[in-house]
Protein chains: 2
Amino acid sequence: MGTTTDAERRGWTQNPEAVKQDILTVALSEFAENGFSGARVDTIASRTQTSKRMIYYYFGDKLGLYTRALEAAYLKVREGEAQLDLDHLAPQDALARLVSFTFDHHRANPDFIRMVMIENIHKAKHLIASQVIRDLNVAAIDKLTEICRRGQDAGVFREALDPVALHWQISAASFFNVSNRPTFSAIFGDELFEDIGQQTIRRQTVAAILSIACKPETNFPEHE
Amino acid sequence: MGTTTDAERRGWTQNPEAVKQDILTVALSEFAENGFSGARVDTIASRTQTSKRMIYYYFGDKLGLYTRALEAAYLKVREGEAQLDLDHLAPQDALARLVSFTFDHHRANPDFIRMVMIENIHKAKHLIASQVIRDLNVAAIDKLTEICRRGQDAGVFREALDPVALHWQISAASFFNVSNRPTFSAIFGDELFEDIGQQTIRRQTVAAILSIACKPETNFPEHE
DNA sequence: AACAAAATGGACCGTGCGGTACATTATGTC
DNA sequence: GACATAATGTACCGCACGGTCCATTTTGTT
């Protein structure tokens, strides 16, 4: 390797990093849209600035490209989550905030949700194979674990509370809200997925999670 | 049509209905396993007692077969739901029972869940095209609507309660529990999906739904 | 400038797979 | 039994699509 950086390469006739990134971006969108077998390498190639030849040059085969796209989706969404700061809030408020945030964040990242849906169809085969993603994900629950500990120390959360089970509940609502919108709205209409409906759902979800976390006698306030 | 029934045809050399049913059963399992583009018509044919030729004879093309398999999945699962009788229970108990039942029922029908997942990947395109399924689904919420009405009449449920929003909450938990098991357990381990863990999740879910439905002052008992 | 290595272009290939042509046999009707 | 039609078996087709070959240009090193 030389001493040139990516920044220095900018503007050069050849720019491998940009080419890779270009391919990856298009691939993510195409896999998220059509799934692994549904996506077409030729279609991905045609949507890039480069050629099919380069896809195989950099990513080996279709599976290699898919794996990298999946990793890219996880990386992007975890970066977004890292922005959230909850340390200054009381445990109940921090939890309410985390739920609201997760709900909105999933909604803002439909491609990520679709990639996870696709992975689940494949029984998580590729996710399991990717150490990168495994490492990313165990960290995803750190904030929640910390909130649980604080809430228990303060005596407002139940003693038997399991952060993983609580994360399950938060994920279930936030994920389903995006993943199953097509079938749900096809049957019951789209109202729940418009602004007013989403506010209702989110408020209900926050309340439901708090009722699970908090001790029965604790009267928690209404949250936005 | 003649006067012969299906029962009378049993044992005949040719048995069109049985052939169709055979194809449909295999197709459902294969589509649920691999998705629409992932499934192979040749593979379906080979798992059948009959040939690829007959698939095209009865179902036209791959899409036609998929559509019929999707309808079959919905029909089967709705039949199971019809067994449930809640009229003799108090509103809170009926709701708790409905949630528990839905949770277990989804868990017992993974192929159905996978077909719905696949439909969502396809933005519900085929579900929307099938009037059969649309009709089936609007009826799916009848029991819940009736429970809500009874609970409100009895003064134990909130006045602003929306059956569709409540159904959303019940579905989110019950569906996610099956659909996202692969990725979730790949990251956090499989404990929550074993017996003890599932009891915890189900109990939490029932409690969460009741807390959404019931008036704040209502002190509802713990349910199994 | 010379050379190796990295990056790229474009035509091409093999086959998996959705779908069909053409026949023959089984069944219902009179 | 004669006839129409429904049901089925077998062999096959066309091409979409994942993947590669071979050549050429661009870049880094000395």
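Letters go in sequence order (proteins before strands), and every chain restarts at 1.
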- Gap between atoms NZ and P, on A/Lys52 and D/dT20 respectively (whole Å): 11 Å
- Task: Indicate whether OP1 or OP2 belonging to C/dG9 is found under 4.0 Å from a side-chain N or O atom of A/Ser51.
- Result: yes
- Message: Base, sugar-phosphate or nothing for B/Ala39? Non-hydrogen atoms, less than 4.0 Å.
- Response: sugar-phosphate
- Query: Any Lys/Arg nitrogen of B/Glu146 or B/Lys143 sitting under 4.0 Å from an Asp/Glu carboxylate oxygen of the other?
  - Reply: no
- Report yes if at least one side-chain N or O of A/Thr50 is closer than 4.0 Å to OP1 or OP2 of C/dG9; otherwise report no. yes
- Message: Any base atoms under 4.0 Å from B/Arg53, or only sugar-phosphate, or nothing? Heavy atoms, all strands.
- Response: base
For residues 114-121 of chain A, dump all side-chain donor-acceptor pairs below 3.5 Å to protein atoms at least two apart in sequence or in another chain.
from, atom 1, to, atom 2, distance (Å)
A/Arg114, NE, A/Ala32, O, 2.7
A/Arg114, NH2, A/Ala32, O, 3.3
A/Arg114, NH2, A/Glu33, O, 3.0
A/Arg114, NH2, B/Ile121, O, 2.6
A/Glu119, OE1, A/His126, N, 3.2
A/Glu119, OE1, A/Leu127, N, 2.8
A/Glu119, OE2, A/Tyr66, OH, 2.7
A/Glu119, OE2, A/His126, ND1, 2.7
A/Asn120, OD1, B/Thr183, N, 3.0
A/Asn120, OD1, B/Thr183, OG1, 3.2
A/Asn120, ND2, A/Val116, O, 3.0
A/Asn120, ND2, B/Thr183, OG1, 3.1

- Message: So if I take every side-chain heavy atom of A/Tyr57 and compare against C/dG10, C/dG19, C/dA7, which nucleotide ends up nearest?
- Response: C/dA7
- Message: If I take atom CE in residue B/Met54 and atom P in nucleotide D/dT8, what distance separates them, rounded to the nearest angstrom?
- Response: 4 Å
- Greater than 12 external heavy atoms within 6.0 Å of A/Glu194's CD: yes
- Query: Taking CG from A/Asn34 and C1' from D/dC17, how many angstroms apart are they, rounded to a whole number?
  - Reply: 14 Å
- Task: Would you mind checking if B/Glu81 and B/Arg78 are paired as a salt bridge, meaning a charged N to carboxylate O distance below 4.0 Å?
- Result: yes
